[in-house]
Amino acid sequence: MNTHPTDVLKSSVPTDEASVSAQTDVPQLSIVIPMYNEEPNVDELCTRLIKVLETSKRTFEIVAVNDGSRDGTLAKLLQWQKQYPRIFRILDFNGNFGHHNALWAGFEHVRGEWVISMDADLQNPPEEIPKLLEKIDEGYDYVGSWRLGKRRDAKWRDWASKLDNKFRGKITDIRMTDQGCMLRAYKRSIVDAIVHCGDYTAFIPALAYKFAARYTEIGMQHAPRFQGKTKYGLYYLLRTHFDLMTGFSLVPLQVFTLFGFALAGGSFLLVLYMLGRRLFIGPEAEGVFTLFAILFFMVSVAIVGIGLIGEYVGRTYQIAQGRPRYILKKLYDTQAASTKTKAA
Ligand code: UDP
Ligand code: MG
């Protein structure tokens, strides 16, 4: 009998036991969705996502990560799990640990052969997933994406993101058009490699790029957020940007060192000139402010350098501390003997 993926996964008694065990053990797809205060989006997201995945005729699970939401996100997810116990696995954090840590946790809990990451706010329309599946079938092990057409975010976000993509392209060897588009597909081996990395603040799309043997990317439609507000403020974006720069490149430090050498050379020439002037023309009282200007410039450069070193040292310190990147309050998994509570 030809059973449909969700027919088998629904709570109703399945017709084909063998295919059920195949479904529950290793689904073909694991969809990982971090969620932080996404209550108004959960129903629309799950409805559309399940519809798309059903038509894909592949077995799947949805790994939803509740990143310390203070609204009814978890309650909504539990309702969906009740309806589709074999599809939904829910990780519930005991606080807010951030988008990438939530994604990381999802990656640590997937069972599928392929993993698809996406946002919960429907900016990545689920209807675009078949494009990823086509590329998977062509033999790529990591399929990235860029946002087609106009970005549906605040104008400054659009500029910041373009600048970020350009800058990253220059100082790292990561060649992605748009690192901010999270609708991506990863072969399981890549996901496993990622979660075995010791990086504390890791930028997952870039890590996957490092580990992929065959990378490709495709244009994806980009919709405005369905409901609610973005969780990415300027500060969070800057942090993510620094994660990417320091996690994947030493170029900022190297450029700084080169600049330091150039400045030191220039200053040395200036000192020679001042000495010569003092010997042959006499001491100069004027031009003090020029010297001050030069001094201020050098001091500010030194401060930038200290900050830059701090970025790297800070990250090394975080790794040395070895603190968990998230704390899992509860794993709602109807496949396991009971739902588990554990610390990551
Ligand atoms: N998110 C999260 N934890 C956070 C912030 C965001 O899990 O601390 C999730 C959020 O629920 C969404 C995705 O990460 O599914 C992207 O967040 P958002 O849409 O706010 O970012 P933007 O699209 O504005 O970059
Ligand atoms: Mg969004």
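Note that the structure is a prediction, hence the values are computed from the model and not measured. One-based numbering, in listed order, for ligands and for the atoms of each.
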For the aromatic rings, using the six-membered ring if either is Trp, is the centroid distance between [X] and [Y] under 6.0 Å?
X: Tyr215; Y: Tyr140; answer: no
X: Tyr36; Y: His99; answer: no
X: Tyr186; Y: Phe107; answer: yes

Check [X] against ligand 1 and report side chain, backbone, both or neither, counting heavy atoms closer than 4.0 Å.
X: Gln123; result: side chain
X: Asp67; result: side chain
X: Met35; result: backbone
X: Asn37; result: neither

Answer yes or no for Arg188 and Trp114: cation-pi contact, defined as NZ/CZ to six-membered ring centre under 6.0 Å and angle to ring axis within 45°. no

Test item: side-chain donor near acceptor, [X] and [Y], under 3.5 Å:
X: Glu38; Y: Asn41; result: yes
X: Thr73; Y: Glu39; result: no
X: Arg184; Y: Tyr142; result: yes

Does Arg225 have a non-hydrogen atom less than 4.0 Å from ligand 1? yes

Atoms of ligand 1 less than 4.0 Å from [X] heavy atoms?
X: Asn96; result: 3 (N), 4 (C), 8 (O)
X: Glu38; result: 10 (C), 11 (O), 12 (C), 15 (O)
X: Asp121; result: 19 (O), 23 (O)

Taking distance alone, with no angle check, do Ala120 and ligand 1 share an N/O pair under 3.5 Å? yes

Looking at Asp121, the N/O/S atom that lies nearest to the Mg ion (ligand 2) is called OD2

From Thr230, does some N, O or S atom reach closer than 2.8 Å to the Mg ion (ligand 2)? no

Without placing hydrogens or testing angles, list every side-chain donor-acceptor pair under 3.5 Å for residues 256-269, not counting sequence neighbours.
| from | atom 1 | to | atom 2 | distance (Å) |
| --- | --- | --- | --- | --- |
| Thr257 | OG1 | Leu253 | O | 2.7 |
| Ser267 | OG | Leu263 | O | 2.6 |

